Structures are given as structure tokens and as C-alpha cells.
Protein chains: 2
Amino acid sequence: MSNLREGLSRMDAGIARVGEMIPEAPQQEVRLTRLLLLVGGTLLGEVEAYLKPHGLNDSDFRTLMALYSSPDGATPSELCGFAQQGATNMTRIGNALVKAGLAARSHSAEDRRRILLNITPTGKRLVRKILPPLFPRVLGAYASLSAGDKRTLERLLRQVALNIDSLQSSDPSP
Amino acid sequence: MSNLREGLSRMDAGIARVGEMIPEAPQQEVRLTRLLLLVGGTLLGEVEAYLKPHGLNDSDFRTLMALYSSPDGATPSELCGFAQQGATNMTRIGNALVKAGLAARSHSAEDRRRILLNITPTGKRLVRKILPPLFPRVLGAYASLSAGDKRTLERLLRQVALNIDSLQSSDPSP
DNA sequence: AAGGAATAGTTCACTGGTGAAATATAACGG
DNA sequence: CCGTTATATTTCACCAGTGAACTATTCCTT
């Protein structure tokens with residue numbers, strides 16, 4: 001059932017096979033990209049599998065966490081920033097959280113275009129309940145990495161992020 | 001428009017804010033996980049933005065690449081392995097590729113349960129057309145990394161993958 | 001104060017992916 | 001052979017996320 005391991009070896013084999021037919025292909029970089037996607041996707045799947053029984057998916061959860069750490073509430077637009085979601089989807093997330101009794105909507109008094117979302121006591125209880133068992137899982141993913149390894153990994157990932165940003169700005173798509 | 005950079009700083013701020021309220025939270029590991037997800041997702045978005053004008057998404061493309069490197073064709077199940085997709089979705093991908101004239105379906109003679117997919121000349125032409133412009137983009141994401149950095153990144157990501165696998169097997173979900 | 005641009009949120013139609021059940025064929029044990 | 005079991009693919013109903021268009025409100029400029 002060692003799923004990622006198996007998936008990785010299939011991925012490696014496939015990339016090598018394509019690399020034989022197309023020698024110009026930057027194999028290592030393709031491998032890195034696929035690896036990133038595969039690891040990230042699996043990690044996300046793990047987290048969501050844990051959240052599902054509680055009726056949340058990862059973006060619902062990120063939004064709930066943002067509300068948990070916003071004592072004065074937050075507007076959907078602010079939450080979009082934190083949860084890395086578009087406004088459209090934030091509407092759905094808000095609906096879901098309100099329906100589940102985890103958050104409450106209210107209209108802003110100063111700016112009547114704005115909606116304010118606040119976490120409810122039920123929402124706080126849920127966060128305090130589901131968060132602690134999540135920690136060992138997150139830690140487990142990096143268990144075999146030394147402190148230095150983790151710092152290196154973070155540094156390299158941030159570098160890749162910056163590179164992607166420069167790509168985007170220099171390259172307004174053909 | 002520096003999107004990832006901005007997203008990252010919002011993410012960092014959010015994690016730090018939660019970390020103040022919940023000191024037991026493993027901040028670095030949470031940061032790493034979110035970073036992985038964010039970078040992976042953006043990278044995927046980049047690739048798909050390039051593929052979209054050609055009528056393909058990333059899993060269509062992975063499947064097409066698998067067919068390109070399979071001179072004798074492949075069954076949907078085999079393609080699932082390469083493209084990291086479920087059988088259900090592979091049916092849809094197959095439909096899409098056939099409809100676009102990039103692949104052809106045929107029934108296997110020995111085992112009549114099986115379907116064989118083969119790339120068409122049109123499909124081969126498309127691969128040879130869209131692949132080369134993709135290379136500089138992939139390379140660009142890792143442009144600021146030294147050869148050693150890339151090897152380190154790959155090593156660390158593979159370690160994380162193995163850790164996740166052991167988590168899964170040791171932890172049959174509560 | 002009026003008109004137009006900007007902003008906040010929502011709705012709608014669509015894409016992409018999933019799990020469970022259905023269908024068809026093959027393989028196996030007696 | 002025959003019934004059971006396993007495998008390959010598809011269908012169906014659903015969930016999550018997106019871009020474009022819409023509504024309501026506020027800001028800005030004269």
C-alpha cells in the first residue's frame with residue numbers, strides 16, 4: 001500500500017523513458033516539478049482525509065483558522081488573502097461555515113458593501129478539538145529531516161517561489 | 001502582480017498569528033507544508049496556463065506524454081499509473097484525447113475487457129510542438145538554484161515522500 | 001450634487017476530479 | 001464445465017474551484 005513510493009518510481013520511469021526519446025528535456029527539473037506536485041498533493045490529501053469526518057475541507061479549515069485568529073472578525077476579501085482563495089469560492093466557504101454553525105455573518109455598519117464573518121463558540125471549540133491531533137501528522141511528514149534539512153528545504157522552496165514570480169512578470173504568455 | 005511573493009507573506013503572517021495563540025503548533029512544519037502546496041499549485045497553474053490554448057490540461061498532457069513514449073499503445077490502467085489518475089478520470093481523459101484526434105481507441109484482441117489507446121500522428125505532432133517551449137519555463141522555476149541545490153531539493157522532497165508513506169501505513173485513520 | 005470609476009460580494013455556467021455502483025470479460029477451484 | 005471471484009472500464013451523482021457577468025455601495029472628480 002506504499003502509494004507514494006510506487007507512484008514515484010512510475011513517475012521516474014516515465015520521465016526517463018520520455019527523456020530517451022527527447023534528449024533536450026530537462027529531466028531533473030521535470031522530476032523536481034512532478035515531485036513537488038506529487039508530494040504536495042499527497043500531503044493535502046492526508047490533511048483533508050483527517051478533516052473530512054469533521055465536515056471540513058482544507059480551504060474551509062484555513063478560513064476557519066483565519067477566523068480563529070481574528071478576534072474582531074474578518075471580511076471575505078481579507079479571508080481570500082489568508083486562505084489563498086478567490087472571492088467566488090470564499091462565498092461558498094462562508095455559506096458552508098455559517099451553515100455548520102462555525103461562523104456568523106453580519107453586515108458592516110461603516111461600509112454596507114462589506115460582510116463581516118466571526119467565528120462562533122462552536123467554531124472555536126471545533127478548532128481546539130481538531131488542531132492538536134493534526135500536529136503529529138504534520139511533524140511526521142518531516143520526521144526524517146534534521147533541523148538544518150528543514151531550513152534548507154524552506155529556503156529552497158522560497159527561492160523557487162521567487163523564481164516563478166519573476167517568470168510570470170517577464171513572460172506575459174504568448 | 002508579484003503574486004506568490006505576496007501570498008507567501010500573507011501566509012507567513014497568518015501562521016505566525018495562529019502560532020501566537022497556539023504555541024504548541026509546529027510552525028516551521030506548517031510553513032513547509034503550506035509552502036509546498038502553494039509552490040506546487042502555482043507551478044501547476046503555470047503549466048496549465050501554457051497548455052490551455054492547446055486544449056489540454058495537465059493530466060491530459062501527462063497522459064499524452066505517456067502515449068508518446070509508448071509505441072505499442074497503452075491501456076487506461078497503465079496510463080493511470082503514469083499520470084497518477086484514477087480510472088474514472090482516465091475514462092474522461094481518454095474521451096477528450098480521442099475527441100481531439102490525439103489518440104485512438106481499440107479493443108484488445110487477447111483480453112476483451114481491455115482498451116488500447118494509441119497516439120495518432122496528430123498527437124505526435126502536437127507533442128513535438130508544445131514540448132520545447134515548455135522547457136525554458138520549467139528551467140526558469142529553478143533558475144536561481146545551483147546544481148547542488150537541485151540535488152538537495154530532490155533528495156529532501158523524496159525523503160518527505162517516504163515519511164508520508166510510513167505515516168499512512170502506520171496510521172489507519174482514527 | 002451628479003456621473004462615472006472602483007470595490008465588495010454574489011450568482012451562474014462550467015471544468016476537473018472523486019467514490020460507489022454497474023457492466024463485461026477473464027481466471028480459478030472444484 | 002460451472003459458479004465464484006477478480007479485473008478492466010464506464011456511468012452516475014456529487015464536491016471543489018474558476019471566470020464572467022451582475023448587484024449594490026462607496027469613492028472620486030469636477
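Treat the numbers as computed from the prediction; the structure is a model and nothing was measured. Letters A, B, ... are given to chains in the order of the sequence lines, protein chains preceding strands, and every chain is numbered from 1.
Rounded to whole angstrom, the span from the CZ atom of A:Phe61 across to the P atom of D:dA16 amounts to 16 Å. The separation between A:Arg92 atom CZ and D:dC14 atom P is 16 Å, rounded to whole Å. Distance, A:Leu51 CG to D:dC15 C1': 15 Å, rounded to whole Å. The CG-C1' distance, from A:Asn57 to D:dC15, rounds to 9 Å in whole Å.
Annotation: side chain of B:Gln84 is in contact with side chain of A:Leu38 (closest heavy-atom distance under 4.5 Å). Here the side chains of B:Leu145 and A:Leu32 are not in contact, with every heavy-atom distance at 4.5 Å or above. Side chains of B:Leu162 and B:Gln159 form no contact here, defined as non-hydrogen atoms less than 4.5 Å apart. Using a 4.5 Å cut-off on side-chain heavy atoms (C-beta onward), B:Met90 and B:Ser77 make no contact. B:Leu126 is listed as a side-chain neighbour of B:Leu56, based on a closest heavy-atom distance under 4.5 Å. Side-chain contact between A:Arg155 and B:Asp149: present, with at least one pair of heavy atoms (C-beta onward) separated by less than 4.5 Å.
With A:Leu79 as the partner, the side-chain contact (heavy atoms from CB on, under 4.5 Å) test is satisfied by one option alone out of A:Ile93, A:Leu67, A:Leu97: A:Leu67.
Closest-nucleotide positions on DNA chain C for A:Lys52 and B:Asp60 were compared, and the one nearer the 5' end corresponds to B:Asp60.
Taking A:Ala25 as the reference, A:Ile22, B:Phe135 meet the side-chain contact (heavy atoms from CB on, under 4.5 Å) condition, with sequence neighbours excluded. A:Arg113 meets the salt bridge (Lys or Arg N to Asp or Glu O under 4.0 Å) test with A:Asp111; sequence neighbours excluded. Taking the side-chain contact (heavy atoms from CB on, under 4.5 Å) definition, one finds that B:Thr33 meets it with A:Leu43, A:Val138, A:Tyr142, sequence neighbours left out. With sequence neighbours left out, the salt bridge (Lys or Arg N to Asp or Glu O under 4.0 Å) criterion links A:Arg158 to A:Glu154, B:Asp12. The salt bridge (Lys or Arg N to Asp or Glu O under 4.0 Å) search around B:Glu78 returns none, not counting sequence neighbours.
If one axis is set at each end of the helix from C:dA1-D:dT30 to C:dG30-D:dC1 from five pairs, those axes are 20° apart, to 10°.
The CD1 atom of A:Ile119 sits 8.0 Å away from the CE atom of A:Met65 when rounded to the nearest 0.5 Å.
Residues from residues 104-117 of chain A with heavy atoms under 4.0 angstrom of DNA chain D, sorted by number: A:Glu110, A:Asp111, A:Arg112, A:Arg113. Contacts between residues 83-90 of chain B and DNA chain C, defined by a heavy-atom separation under 4.0 Å, are made by B:Gln85, B:Gly86, B:Thr88, B:Asn89. Taking every heavy atom of residues 70-80 of chain A and every atom of DNA chain D, no pair lies under 4.0 Å. Residues of residues 32-41 of chain B that place a heavy atom closer than 4.0 Å to DNA chain C do not occur.
In summary, B:Glu29 and A:Lys150 engage in a salt bridge, as defined by a charged side-chain N under 4.0 Å from a carboxylate O. With respect to the salt-bridge test (charged N to carboxylate O, under 4.0 angstrom), the residues A:Lys52 and A:Glu48 do not qualify.
The hydrophobic cluster around A:Leu37 extends to B:Leu44, counting ILVMFWY residues whose side-chain heavy atoms fall within less than 4.5 Å of a member.
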Residue pair B:Phe82, A:Arg17: steps toward the side chain to side chain contact (heavy atoms under 4.5 Å, CB included) verdict: CA-CA 11 Å; B:Phe82 186 97; A:Arg17 200 149 47 95; 4.1 Å; yes

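Taking 4.0 Å as the cutoff to heavy atoms of chain A, we find the contact window on DNA chain C bounded by C:dA6 to C:dC12.
B:Arg92 CZ: more than 12 foreign heavy atoms inside a 6.0 Å radius.
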